[in-house]
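Here is the structure we will look at, set down as structure tokens.
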Amino acid sequence: MQVTTAQKDALSCTFCGKDRHQVAMLVAGPGVHICDACVATCARLLTGKPTAAFAGWKSLTDEELLAALPASAATVDVAAEKVHEHVDMLRHRGISWERIAVTLGVSRQAAWERFSSES
């Protein structure tokens with residue numbers, strides 16, 4: 001899959017929301033990206049070293065929150081795509097809409113309307 005210039009410019013860390021121009025390095029995974037700072041935080045967590053606490057969304061400026069919004073929206077889109085793939089696989093295996101609906105905590109009709117290619 002070829003990545004366009006616009007898509008490259010829109011890349012950001014899925015974890016902290018910083019765009020690719022705000023970080024030293026951005027590593028891509030299946031539908032996610034992680035920056036060098038978040039990798040370092042993960043490494044500290046895995047080795048049991050103390051990490052700085054996230055001050056919370058309220059501590060971010062309007063511009064920082066706006067900058068994080070595309071990454072949040074992209075994360076939702078990727079998650080929705082993965083849920084569709086999951087349901088498609090279950091249906092391919094013959095799992096009923098009823099079982100899928102019960103597992104998701106929705107009605108059979110709601111599951112069918114959301115995930116059926118026939119809707």
Side-chain angles (χ1 to χ4, degrees):
M1 176 183 192
Q2 190 71 12
V3 178
T4 67
T5 302
Q7 288 171 318
K8 285 181 184 175
D9 286 341
L11 295 177
S12 60
C13 180
T14 307
F15 299 86
C16 70
K18 292 179 185 169
D19 73 41
R20 70 183 194 96
H21 302 291
Q22 296 174 297
V23 300
M25 185 177 291
L26 196 60
V27 179
V32 297
H33 298 87
I34 188 167
C35 71
D36 55 307
C38 288
V39 169
T41 298
C42 291
R44 284 193 305 274
L45 286 169
L46 292 171
T47 59
K49 295 178 181 170
T51 60
F54 175 56
W57 292 106
K58 291 181 180 180
S59 69
L60 299 178
T61 67
D62 292 349
E63 292 307 313
E64 290 170 326
L65 277 172
L66 285 168
L69 189 57
S72 295
T75 301
V76 169
D77 292 343
V78 169
E81 182 180 319
K82 295 302 175 193
V83 172
H84 274 337
E85 289 175 9
H86 201 136
V87 171
D88 287 347
M89 180 57 67
L90 289 167
R91 291 294 298 151
H92 181 73
R93 292 181 180 186
I95 302 300
S96 70
W97 284 114
E98 182 66 29
R99 284 188 67 195
I100 292 168
V102 167
T103 302
L104 292 173
V106 299
S107 70
R108 180 188 170 283
Q109 182 68 26
W112 184 85
E113 286 176 1
R114 181 174 175 193
F115 299 107
S116 172
S117 59
E118 299 172 35
S119 60

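Index from 1, following the sequence.
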Under a 4.5 Å side-chain heavy-atom rule over Ile, Leu, Val, Met, Phe, Trp and Tyr, are [X] and [Y] clustered together?
X: Val106; Y: Val83; result: yes
X: Phe15; Y: Val23; result: no
X: Ile34; Y: Leu11; result: no

Name each donor-acceptor pair under 3.5 Å that joins a side chain in residues 64-71 to protein atoms two or more places apart or in another chain, with its distance.
residue, atom, partner, partner atom, Å
Glu64, OE1, Thr61, N, 2.8
Glu64, OE1, Thr61, OG1, 3.4

Looking at [X] and [Y], what are the two nearest heavy atoms and their distance?
X: Ala101; Y: Ala111; value: CB-CB, 3.9 Å
X: His84; Y: Phe115; value: ND1-CD2, 2.7 Å
X: Cys35; Y: Cys13; value: N-SG, 3.3 Å
X: Trp97; Y: Arg108; value: CB-CG, 3.8 Å

Between atom CE of Met25 and atom SG of Cys38, what is the distance when rounded to the nearest 0.5 Å?
14.0 Å
Roughly how far, to the nearest 0.5 Å, is OG of Ser12 from CZ of Arg20?
11.0 Å
Please tabulate, for side-chain N and O atoms in residues 85-94, each donor-acceptor pair with protein atoms closer than 3.5 Å (sequence neighbours left out).
residue, atom, partner, partner atom, Å
Arg91, NH1, Ile95, O, 2.8

Look at atom CD of Glu63 and say whether more than 12 heavy atoms of other residues, nucleotides or ligands are closer to it than 6.0 Å.
no
When you look at CZ of Arg44, are more than 12 heavy atoms from neighbouring residues, nucleotides or ligands closer to it than 6.0 Å?
yes
Would you say Cys16 and Thr41 make side-chain contact, with heavy atoms under 4.5 Å?
no
Under a 3.5 Å distance rule, please check whether Gln22 uses its side chain to pair with a backbone N or O of Asp19 as donor and acceptor.
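Checked: pair present.
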